[in-house]
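The analysis underlying the following values was restricted to heavy atoms, covering all of them including side chains, and did not include hydrogens, waters or symmetry mates. Numbering of ligands and ligand atoms starts at 1, following listing order.
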Amino acid sequence: MNKNMKIIVVEDKIQLGRTTSQMILDFINSKPIPVLGLATGSTPESTYQFLVEDYQKNHTDWSHVISFNLDEYLGLTMDDKQSYRYFMNYKLFNHININKDNTFIPLSICDVESFANQYDQMILEKGGIDLQLLGIGENGHIGFNEPPADFESLTSIVDLVPSTIKANSRFFATIDQVPVKAISMGIKSILNAKKIILIANGENKAQAIKQLVDGKIDSTWPCTALRMHNDVIVIIDKKAASLLK
Ligand code: PGA
């Protein structure tokens with residue numbers, strides 16, 4: 001195991017959300033201008049729910065926070081219910097006092113190529129991501145960096161592999177509606193973050209977590225690139241941890 005990787009095993013998805021949201025709150029309270037990297041999908045939902053509950057109870061100030069999201073499906077407008085902009089607004093941003101002008105999500109309808117080329121520069125201009133929240137795919141993808149992943153990649157247009165399209169079809173009425181392309185921060189963009197928290201729950205993530213923690217660095221498991229980073233916290237439930245030594 002990589003000594004720079006800290007593993008925290010929690011009981012279930014609720015505890016995962018509680019633990020992760022507390023780390024995010026401690027982080028945003030500790031910096032004058034925190035730059036957060038955010039993720040979508042089912043895994044971070046409980047984290048965002050706890051952050052919203054915290055805001056309702058404690059009014060934690062988000063007005064100074066800047067955020068960058070990892071990815072967006074190609075071709076969906078911002079008000080499309082399947083877009084990641086919609087997800088972030090609906091699950092988190094609409095319920096806290098973050099300035100939406102400071103929330104960045106890759107734009108997927110415009111000149112996407114040139115937008116992709118600018119995204120890493122935009123992050124850099126805000127000082128770089130201090131804390132990146134990541135989910136993980138069953139195939140070990142991080143962001144939409146599918147295997148085999150280019151560990152030198154920056155933000156770009158990517159093709160989704162059939163297993164990801166199938167996994168994500170649960171959010172759509174039919175599998176044909178799932179976009180087959182996305183714009184995603186690259187592996188190198190992710191590794192540029194100063195600190196990374198990767199979260200996972202459920203048995204279907206156990207193999208990817210085993211590769212991440214115990215496997216060798218290998219582009220067929222994109223998550224293993226994180227072993228080259230010097231500050232990664234992996235927070236997982238017991239099921240996702242079930243194959244670890
Ligand atoms: P999930 O997706 O949280 O919906 O499982 C994670 C991912 O694919 O990165």
Side-chain angles (χ1 to χ4, degrees), residues 10 12-21 24 36-51 68-74 76 81-88 90-92 105-106 129 132-149 153 155-156 158-172 175 177-187 189-191 193 196-213 220-226 229 232-243:
V10 296
D12 54 23
K13 189 172 175 176
I14 303 293
Q15 288 306 330
L16 181 71
R18 205 187 295 278
T19 307
T20 310
S21 60
I24 292 175
L36 266 182
L38 294 175
T40 51
S42 330
T43 316
E45 276 179 342
S46 58
T47 299
Y48 296 155
Q49 206 177 323
F50 275 110
L51 291 174
F68 286 91
N69 263 74
L70 278 169
D71 45 22
E72 177 62 281
Y73 288 121
L74 221 65
L76 300 188
K81 289 196 169 145
Q82 303 295 354
S83 74
Y84 288 163
R85 164 56 74 180
Y86 187 92
F87 177 102
M88 289 309 302
Y90 182 73
K91 300 282 180 190
L92 182 63
I105 298 187
I129 290 173
Q132 174 71 56
L133 181 64
L134 280 184
I136 187 169
E138 289 176 32
N139 63 357
H141 74 201
I142 48 175
F144 271 133
N145 296 282
E146 305 283 21
S153 57
T155 305
S156 64
V158 294
D159 292 311
L160 307 190
V161 297
S163 60
T164 297
I165 293 170
K166 185 160 177 278
N168 289 3
S169 67
R170 67 190 194 277
F171 300 112
F172 292 78
I175 195 164
Q177 293 174 4
V178 187
V180 295
K181 283 181 183 285
I183 174 168
S184 176
M185 279 167 61
I187 298 280
S189 326
I190 292 171
L191 293 181
I196 295 173
I197 298 179
L198 182 141
I199 55 176
N201 61 276
E203 237 163 278
N204 59 328
K205 300 293 173 72
Q207 186 60 36
I209 292 298
K210 181 179 164 58
Q211 293 296 331
L212 167 68
V213 176
T220 61
W221 286 95
C223 56
T224 60
L226 298 177
H229 194 279
V232 179
I233 302 180
V234 177
I235 311 176
I236 45 182
D237 76 344
K238 284 185 169 165
K239 289 180 177 162
S242 59
L243 296 179

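Relative ring orientation between Tyr84 and Phe87 is described as perpendicular, the plane-to-plane angle rising above 60° on a 0-90° scale split at 30° and 60°.
Near Thr43, meaning under 4.0 Å from any of its heavy atoms, are these atoms of ligand 1: 1 (P), 3 (O), 5 (O). Within ligand 1, counting atoms from 1 as listed, the ones closer than 4.0 Å to a heavy atom of Arg170 are 1 (P), 4 (O), 5 (O). Residue-ligand proximity, Gly41 to ligand 1, at heavy-atom distances under 4.0 Å covers atoms 3 (O), 4 (O).
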*Quick one: do Phe172 and Tyr73 satisfy ring pair (Phe, Tyr, Trp, His ring centres under 6.0 Å)? Show the steps, please.*
CA-CA 13 Å; Phe172 292 78; Tyr73 288 121; 5.7 Å; yes
ask   = Given the rule in the side-chain contact (heavy atoms from CB on, under 4.5 Å) test, do Asp71 and Thr40 qualify, once you have shown the distances and angles that lead to the verdict?
value = CA-CA 8 Å; Asp71 45 22; Thr40 51; 3.9 Å; yes
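The closest approach between any non-hydrogen atom of Lys205 and ligand 1 is below 4.0 Å. Within the 4.0 Å heavy-atom cutoff, Glu45 does not count among the residues contacting ligand 1.
One finds a salt bridge joining Lys91 and Glu45 here, because a Lys/Arg side-chain nitrogen approaches an Asp/Glu carboxylate oxygen to under 4.0 Å.
The proximity of Ile136 to ligand 1, defined as any non-hydrogen pair under 4.0 Å, is limited to the backbone.
Using modelled atom types, one finds no donor on one side chain facing an acceptor on the other under 3.5 Å when comparing Glu138 with Ser163.
Of all protein heavy atoms, the one closest to atom 9 (O) of ligand 1 is His141 NE2, 3.4 Å.
Judged purely by atom type and a 3.5 angstrom limit, Gln211 has no side-chain atom pairing as donor or acceptor with the backbone of Cys223.
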